[in-house]
Chemist: 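After the structure tokens below, expect a handful of questions from me.
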Amino acid sequence: MNAWHTAFVQLPLLLHGLLRTIEFSLVAAVVSVILGLIAALCKLSRFGVLRGISTVYVEIFRGTPLLVQIFYMVFALPSIMPLNAWFGQDLYPIIGVSAALALNEGAYVTEIVRAGILGVDRGQREAAESLGMTGYQTMRHIILPQAFKRMIPPLVNQFAQTIKDTSLVAPVGVVDLMYQGQITVAQTYAAFSIYTVVAALYFIVIFAVSRLANYLERRLQIDQR
Amino acid sequence: MISVEDLHKQFGDHQVLRGITTRVQPQEVVVVIGPSGGGKSTFLRCLNGLERPTSGRIVVVGQEITNPKTNIVNVRKQVGMVFQRFNLFHHLTALDNITIGPRQVLRMPADEAESLARSLLAKVGLSGKENSYPDQLSGGQQQRVAIARALAMRPQVMLFDEPTSALDPEMVGEVLQVMKDLAREGMTMVIVTHEMGFAREVADRVLFMDDGCIVEEGQPDALFAHPQEERTRVFLSKVL
């Protein structure tokens with residue numbers, strides 16, 4: 001049988017994997033933005049303890065390979081606490097890799113959010129404070145809305161990176177596009193055609209996302225003249 | 001209205017203010033002049049707590065802001081501030097720039113804040129610009145919105161930090177006109193400016209500051225015509 005025909009026959013399985021890849025990416029993106037916002041606010045806090053916690057978090061997750069973090073979540077932690085029993089043998093690996101992805105991306109998002117907040121002109125804060133706004137009101141109504149606008153292009157870029165990073169869940173046996181590729185190749189031996197299709201599927205999604213980031217970046221520059 | 005006693009401010013080793021003592025009476029218009037780097041802006045920024053004094057005592061609208069127990073927010077509500085670079089909120093329309101203070105800080109209902117904002121925009125000559133964003137307005141228009149934003153809090157005192165220094169020359173007049181109208185209405189004002197003609201016309205009292213001290217103060221006509229101190233004479237001969 002023609003190898004490309006094999007890949008075509010296997011396409012539904014690969015698309016199912018792609019769907020899981022997208023799900024992992026979206027979950028990691030949403031959770032990492034929440035984590036990143038909290039960690040960035042801690043990092044800019046007046047309280048040394050919060051700054052310390054946030055710095056340790058960012059440095060640990062940026063300073064170790066994501067693959068190690070995934071193995072740590074899926075194999076190391078369950079060896080010291082009964083996570084598999086709590087969440088179930090089937091569910092825990094999915095939760096574990098999602099947590100590893102979100103924590104890892106969150107560390108990068110923290111720096112994006114921090115840069116976004118620091119990029120807002122100091123005069124904006126002074127104007128808000130001179131009106132009698134509290135620190136919370138200033139952050140919520142003046143600084144963050146302006147910071148978010150600047151953060152959107154780098155966040156979308158980070159999302160493209162997240163999609164690539166999700167392929168590292170395959171080595172621990174969690175189903176995604178890469179894992180489906182490996183399984184399919186093991187069954188059909190059509191390594192060249194299957195991995196070409198896998199790469200093409202990743203490329204289509206990531207290319208679309210990074211085009212979106214470029215577009216948003218240009219829009220932002222026009223907005224700011 | 002404002003009382004300042006022996007105010008010192010230090011940035012690292014640099015003494016920016018070395019013992020400022022003065023008072024501002026209700027409805028008084030005090031204009032602060034002097035060379036750049038003489039501490040004028042720092043002095044003004046101490047009056048609403050944007051800078052924390054190193055030592056000294058400041059009482060504004062009956063509250064001692066140099067006392068750590070004083071809630072600075074309560075003072076700032078009653079003290080309007082206008083900045084050299086306008087500092088309008090870029091993500092908000094002119095109308096929303098004006099309503100956000102009353103709504104968030106004074107908890108004013110939205111419709112009341114909006115009609116207040118419209119009347120203030122009319123007062124500064126900007127009716128029809130309600131929905132413009134700051135970037136769509138000229139410098140002079142932005143500064144007038146900024147004045148309206150400060151007035152929306154119904155402050156007891158207005159502080160102006162070189163309000164026309166960042167403006168193109170043809171826009172200076174429209175901003176000074178708004179400030180003259182305010183002075184005529186009896187607003188208490190402290191103004192840092194390089195506009196000597198305006199100082200002479202509007203000020204009840206002029207402070208000449210240099211090197212962190214008030215070198216000389218007095219009625220504008222007397223100070224401009226017959227400065228007593230050499231430093232004042234030198235400065236005035238350069239700017240007049």
Side-chain angles (χ1 to χ4, degrees), chain A residues 33 36-37 40-41 44-48 51 109 112-156 212-213 215-225, chain B residues 41 44-45 47-52 61 63 71-92 96-108 133-136 142-143 145-161 166:
Chain A
V33 167
L37 181 60
L41 290 174
L44 295 168
S45 154
R46 335 201 219 119
F47 301 109
R51 285 201 304 274
V109 172
I112 293 173
V113 174
R114 196 176 79 100
I117 289 173
L118 291 177
V120 176
D121 180 43
R122 199 172 58 120
Q124 297 288 306
R125 177 187 297 271
E126 291 186 350
E129 286 177 351
S130 74
L131 288 173
M133 293 174 84
T134 60
Y136 170 79
Q137 286 170 331
T138 302
M139 194 47 89
R140 159 86 179 70
H141 296 286
I142 305 301
I143 308 290
L144 283 181
Q146 298 185 61
F148 266 125
K149 209 173 139 189
R150 295 159 180 278
M151 278 151 40
I152 290 171
L155 281 178
V156 175
L212 177 68
Y215 167 75
L216 292 171
E217 211 155 333
R218 273 202 313 280
R219 271 285 302 275
L220 190 71
Q221 275 161 6
I222 293 166
D223 282 356
Q224 295 179 336
R225 281 163 304 146
Chain B
S41 288
L44 198 71
R45 290 161 59 86
L47 298 182
N48 74 344
L50 284 182
E51 302 287 355
R52 190 186 293 266
V61 290
Q63 301 182 73
N71 185 354
I72 192 70
V73 166
N74 287 331
V75 180
R76 286 172 174 160
K77 279 185 207 171
Q78 302 177 63
V79 179
M81 177 112 180
V82 175
F83 299 86
Q84 182 177 354
R85 308 263 345 148
F86 331 134
N87 295 352
L88 287 182
F89 305 131
H90 296 294
H91 62 305
L92 300 178
D96 291 340
N97 262 279
I98 301 172
T99 57
I100 192 162
R103 292 196 57 188
Q104 293 299 326
V105 178
L106 305 178
R107 299 282 162 206
M108 190 185 281
Y133 283 88
D135 292 348
Q136 298 167 324
Q142 288 190 56
Q143 194 60 299
V145 173
I147 293 172
R149 174 176 70 178
L151 290 175
M153 297 296 290
R154 302 198 188 287
Q156 308 270 329
V157 189
M158 287 280 284
L159 309 176
F160 293 84
D161 187 5

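In what follows, every chain begins at residue 1, and chains take the letters A, B, ... in the order their sequences are listed.
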Chemist: To the nearest 0.5 Å, tell me how far A/Thr134 OG1 sits from B/Ile72 CD1.
Modeler: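 Taking OG1 in A/Thr134 and CD1 in B/Ile72, the distance rounds to 14.0 Å.
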Chemist: Does CZ belonging to B/Arg45 count more than 12 external heavy atoms closer than 6.0 Å?
Modeler: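 Atom CZ in B/Arg45 is crowded, with more than 12 foreign heavy atoms closer than 6.0 Å.
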Chemist: Which bit of B/Phe89 comes within less than 4.5 Å of chain A, counting heavy atoms only: side chain, backbone, both or neither?
Modeler: both
Chemist: Keeping the roles fixed (side chain from B/Asn87, backbone from A/Gly123), state whether a donor-acceptor pair exists under 3.5 Å.
Modeler: yes
Chemist: Between A/Arg125 and chain B, which part of the residue has a heavy atom less than 4.5 Å away: side chain, backbone, both or neither?
Modeler: neither
Chemist: Can you check whether B/Leu88's main-chain N or O pairs, donor with acceptor, with A/Gln124's side chain at less than 3.5 Å?
Modeler: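 Present.
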Chemist: What's the spacing between B/Gln104 CD and A/Ile142 CD1 if we round to 0.5 Å?
Modeler: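 Between atom CD of B/Gln104 and atom CD1 of A/Ile142 there are 8.0 Å.
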Chemist: How about A/Ser130 and B/Arg76: do any of their side-chain heavy atoms sit closer than 4.5 Å?
Modeler: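 They are not in contact (no side-chain heavy atoms under 4.5 Å apart), so the answer is no.
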Chemist: Would you please test A/Met133 and B/Ile100 for side chain to side chain contact (heavy atoms under 4.5 Å, CB included) and show each step?
Modeler: CA-CA 9 Å; A/Met133 293 174 84; B/Ile100 192 162; 4.3 Å; yes
Chemist: Determine whether a donor-acceptor pair (N or O, by modelled atom type, separation under 3.5 Å) exists between the side chain of A/Glu126 and the backbone of B/Leu50.
Modeler: no
Chemist: NZ/B/Lys77 to CG/A/Leu131 distance, rounded to the nearest 0.5 angstrom?
Modeler: 12.0 Å
Chemist: Using a distance-only test with no angle check, is there a side-chain donor-acceptor pair under 3.5 angstrom linking B/His90 and A/Gln146?
Modeler: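 Judged by distance alone, the side chains do not pair up.
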